[in-house]
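Letters go in sequence order (proteins before strands), and every chain restarts at 1.
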Amino acid sequence: MFEKRSYCGELSKTDIGKNVILAGWVNRKRDLGGIIFIQLRDITGILQITVDPVKSPELTNILNDIKSEYCLLVSGAVKSRAKEAVNPDMMTGEIELTATTIEILNSSPVPPILVDTDEKIGEDLRLKFRFLDLRREEMKDAVIKRHMLMQSARAYLSSKRFLEIETPLLNKSTPEGARDFLVPSRINKNMFYALPQSPQLFKQILMISGFDRYFQIAKCFRDEDLRNDRQPEFTQIDLEMSFITVDMIIEIIEGLLKIIVKELLGKDIDMPFKRITYDEAMARFGKDAPDMRFGMELAEMSDIFAKSDFKVFASALKDGGMIKAIVFPEGGKISRKYIDEYTEYVKIFKAKGLPYARFKDGAFDGGIAKFLTEDEKNALTGRLKLKDGGIIFFASDSEKIVNDTLGNLRIRLANDFNIIDLNILDFVWVTDFPLLEYNIEDKRYYAMHHPFTSPKKEHIAILKNITPDNVNDIKAQAYDIVLNGVEIGGGSIRISSTELQNKIFSLLGISEEEANVKFSFLLEALKYGAPPHGGLALGLDRILMLLLKRNSLRDVIPFPKTARGQCLMSEAPSYVSAEQLDELSIKTV
RNA sequence: GGGGUGUUAGCUCAGUUUGGUUAGAGUGCCUGCCUGUCACGCAGGAGGUCGCGAGUUCGAGCCUCGUACACCCCGCCA
């Protein structure tokens with residue numbers, strides 16, 4: 001029977017008259033008394049099965065038993081529907097199957113969540129009963145699109161001479177970066193493997209080994225707190241190339257993203273993508289992942305208010321801070337209630353307040369308008385290209401707080417007033433990231449990307465005289481790819497010289513000894529004719545989330561974790577037996 | 001580590017300015033009727049530890065405190 005199975009969603013008018021066998025689940029059953037309809041669902045779609053108890057009395061008993069989510073094997077003839085019975089909203093709405101036999105392959109209790117519903121089901125329930133949730137159209141679509149994405153990435157990269165090579169999941173722990181998930185070694189008492197945060201070191205080794213183009217659809221693990229766009233285990237399309245330039249990498253990735261978008265959405269996207277430097281992104285959008293689908297850019301105001309008597313501005317400047325502003329054009333929509341809400345909102349980013357002023361009938365009004373001098377008003381009007389009805393929001397504080405405040409407020413306003421065209425796919429490269437950043441509390445430098453990132457050639461010289469003040473002038477050959485304001489990937493040209501690598505380690509406060517303990521195999525390998533190389537990793541889950549317009553990574557991962565890192569279905573993580581712990585020489589507290 | 005929102009029937013939610021008799025709706029489920037439905041329809045019915053634990057009160061779904069879980073945000077995520 002199963003050998004000759006047809007699929008519900010693949011039958012059409014051309015199959016009319018054929019006898020077919022279908023296997024699937026009961027989506028809905030409609031018992032009209034004299035006639036019974038069963039919507040049968042399989043991976044491809046839904047087909048209506050009709051049964052006439054008068055003509056098929058032998059099916060009557062079985063029909064009484066059949067309920068939602070029963071698993072059935074049905075045989076019968078494909079028939080065209082009468083004109084008035086056609087359902088235009090259904091893919092198979094012109095045909096139906098008149099059942100001659102129905103076998104119940106398995107029954108089902110009343111499902112706790114309805115598969116065929118548009119109603120929003122609580123996420124905890126969906127995760128607990130994921131096997132039912134995955135039967136829902138939305139999830140099924142995500143899983144299928146995920147497959148399509150992976151297949152088209154494999155085909156494309158293979159065609160560009162990339163080899164798919166696996167790297168170990170059981171790795172050495174490296175304290176730099178995110179927290180590692182640790183795996184105890186039974187054979188080596190008191191020792192631990194770490195699950196990879198990314199295959200970074202191994203893919204560089206592969207370059208040195210001469211596999212000059214590598215890719216992997218790689219599972220990565222980071223033991224950090226979760227968000228709607230962050231899971232403890234996630235998937236990267238990871239790649240690395242030898243003998244390349246930043247432009248070459250960018251071109252290959254643009255080609256990859258283009259075919260992915262074409263495959264999943266049937267859309268053509270324009271190439272090449274926009275490019276913006278990190279410094280410009282921070283200046284204009286306040287974020288290193290700018291959402292450029294709308295305006296309302298941040299404007300520098302420090303010079304205009306250099307002599308301001310307004311205490312908030314004056315003290316911010318005196319403390320070495322800055323002043324920026326954004327304009328929301330439809331200020332009339334911003335009621336007192338919104339102002340209060342946003343004033344509260346920006347406190348999240350450590351802003352002390354949210355100064356604002358309205359521009360109406362050629363004059364400033366409300367908020368801090370009364371503190372503005374004529375010169376300041378004129379300068380504001382010009383720089384912000386103020387139009388009637390606009391409202392200006394200011395931030396004055398340290399650069400970080402100012403950018404965080406206005407960068408996030410800008411997005412918040414755009415969302416609250418629906419000014420973003422959600423059909424746009426806005427890809428942008430962010431280039432020239434700083435190589436290092438200085439942490440005031442720890443009084444040391446940290447790698448912005450990772451310690452193997454190459455500085456721009458022309459900036460290597462500055463490394464000798466690095467200070468917390470000029471650290472930002474040293475740019476890396478590092479780049480992120482951003483889609484609609486979300487980072488979907490990043491990479492860099494790597495350091496291929498032992499000498500430079502050691503120099504960077506010393507700047508990062510990693511002693512030669514320490515570096516040898518942590519990265520000995522890479523440092524050793526670099527000596528043996530390491531080719532210039534670089535690469536990038538794309539967040540597969542995030543790309544899928546954005547392309548399918550889902551709000552969370554959990555909606556594009558078949559079996560995701562909750563915000564506390566638990567799997568509500570399998571109930572991982574869990575306690576383990578004393579015997580297991582004994583074997584590993586581990587004591588719990 | 002910190003902040004916010006939520007938790008009431010299987011599911012999605014309402015629950016009244018201000019605490020007051022027997023906690024409601026839609027849907028699902030069960031029973032009956034129904035030969036062209038497609039969110040079938042009609043009639044009837046069952047279904048509740050108001051997350052959990054304390055407290056205030058004559059009286060708590062509602063107020064207070066604690067706690068668990070889910071989601072969102074800050075920190076964190078080279």
Which parts of nucleotides 67-72 of chain B does protein reach within less than 4.0 Å, heavy atoms only, written one letter per nucleotide 5' to 3' as B for base, S for sugar-phosphate only and - for none? --SSSS
Reading nucleotides 28-34 of chain B from the 5' end, what letters show protein touch, with B for base, S for backbone sugar-phosphate only, - for no heavy atom under 4.0 Å? -SS---B
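In this structure, Ser198(A) reaches the bases: a heavy-atom distance under 4.0 Å links it to at least one base atom across the strands shown. Leu508(A) comes within 4.0 angstrom of no nucleic acid atom, judged by non-hydrogen atoms across all strands. Within the nucleic acid shown, Gly122(A) comes within 4.0 Å of sugar-phosphate atoms alone, with no base atom in reach, counting heavy atoms only. Counting non-hydrogen atoms under 4.0 angstrom, Ala447(A) reaches the backbone sugars and phosphates but no base. In this structure, Pro451(A) reaches the bases: a heavy-atom distance under 4.0 Å links it to at least one base atom across the strands shown.
A23(B) sits 14 Å from A60(B) when the P atoms are compared, rounded to a whole Å. Only the C1' atoms considered, G19(B) is 6 Å distant from C62(B), to the nearest whole Å.
For the residue pair Gln231(A) and Asp541(A), no side-chain donor N or O sits within less than 3.5 Å of a side-chain acceptor on the partner. Defined by atom type and a distance below 3.5 Å, a donor-acceptor pair is missing between the side-chain atoms of Asn403(A) and Lys287(A). Using modelled atom types and a 3.5 Å distance limit, the side chains of Asp279(A) and Thr277(A) yield no donor-acceptor pair. For Gln216(A) and Thr167(A), the side-chain atoms include at least one donor-acceptor pair closer than 3.5 Å.
Test Lys475(A), His459(A), Lys456(A) against Asp432(A) for side chain to side chain donor-acceptor pair (under 3.5 Å) and you get one pass: Lys456(A).
Nearest nucleotide to the side chain of Glu96(A), out of G36(B), G10(B), C38(B): G36(B). Of the candidate nucleotides C73(B), C76(B), C77(B), C77(B) has the atom nearest to the side chain of Arg222(A). Checking C74(B), G75(B), C11(B) against every side-chain atom of Ile121(A), the shortest atom distance belongs to C11(B). Taking only side-chain atoms of Ile35(A), from C-beta outward, the nucleotide of G75(B), G36(B), C73(B) with the closest atom is G36(B). Picking from C74(B), C38(B), G26(B) the nucleotide with the shortest atom distance to the side chain of Phe349(A) gives C74(B).
For Arg550(A), the side-chain hydrogen bond (donor to acceptor under 3.5 Å, both in side chains) criterion is met by no residue, not counting sequence neighbours. Not counting sequence neighbours, the partners of Tyr342(A) by the side-chain hydrogen bond (donor to acceptor under 3.5 Å, both in side chains) test are Asp416(A). For Phe37(A), there are no ring pair (Phe, Tyr, Trp, His ring centres under 6.0 Å) partners two or more places apart in sequence or in a different chain. Every residue two or more places apart in sequence or in another chain that forms a salt bridge (Lys or Arg N to Asp or Glu O under 4.0 Å) with Asp116(A) is listed here: Arg28(A). In this structure, the side-chain hydrogen bond (donor to acceptor under 3.5 Å, both in side chains) partners of Lys400(A), at least two apart in sequence or on a different chain, are Asp404(A). Remark: Asp480(A) pairs with no residue by the salt bridge (Lys or Arg N to Asp or Glu O under 4.0 Å) rule, at least two apart or across chains.
C65(B) is paired with G53(B) under the criterion used here, namely a Watson-Crick or G-U wobble arrangement in which both key atom distances are under 3.5 Å.
Taking atom CD on Glu84(A) and atom C1' on C38(B), their separation rounds to 14 Å, with Å as the unit. When rounded to the nearest whole Å, the span between CG of Asn439(A) and C1' of C77(B) equals 15 Å.
For the segment residues 37-66 of chain A, the set of residues with a heavy atom within less than 4.0 Å of an atom of RNA chain B comprises Phe37(A), Gln39(A), Gln48(A), Asp52(A), Val54(A), in numerical order. Within residues 401-415 of chain A, no residue places a heavy atom under 4.0 Å from RNA chain B.
Note on residues 228-239 of chain A: pairs passing salt bridge (charged side-chain N to carboxylate O under 4.0 Å, His left out), not counting sequence neighbours, are Lys203(A)-Asp238(A), Lys219(A)-Glu233(A), Asp229(A)-Arg542(A), Glu233(A)-Lys561(A). Note on residues 495-510 of chain A: no pairs pass side-chain hydrogen bond (donor to acceptor under 3.5 Å, both in side chains), not counting sequence neighbours.
Salt-bridge annotation for Glu341(A) and Arg336(A): absent, with no side-chain N of the basic residue lying under 4.0 Å from a carboxylate O of the acidic one.
For Arg30(A) and C40(B), the shortest distance from a side-chain N or O to OP1 or OP2 is below 4.0 Å.
For Glu224(A) and G75(B), a side-chain-to-base donor-acceptor distance below 3.5 Å is absent, hydrogens and geometry of angles not being considered.
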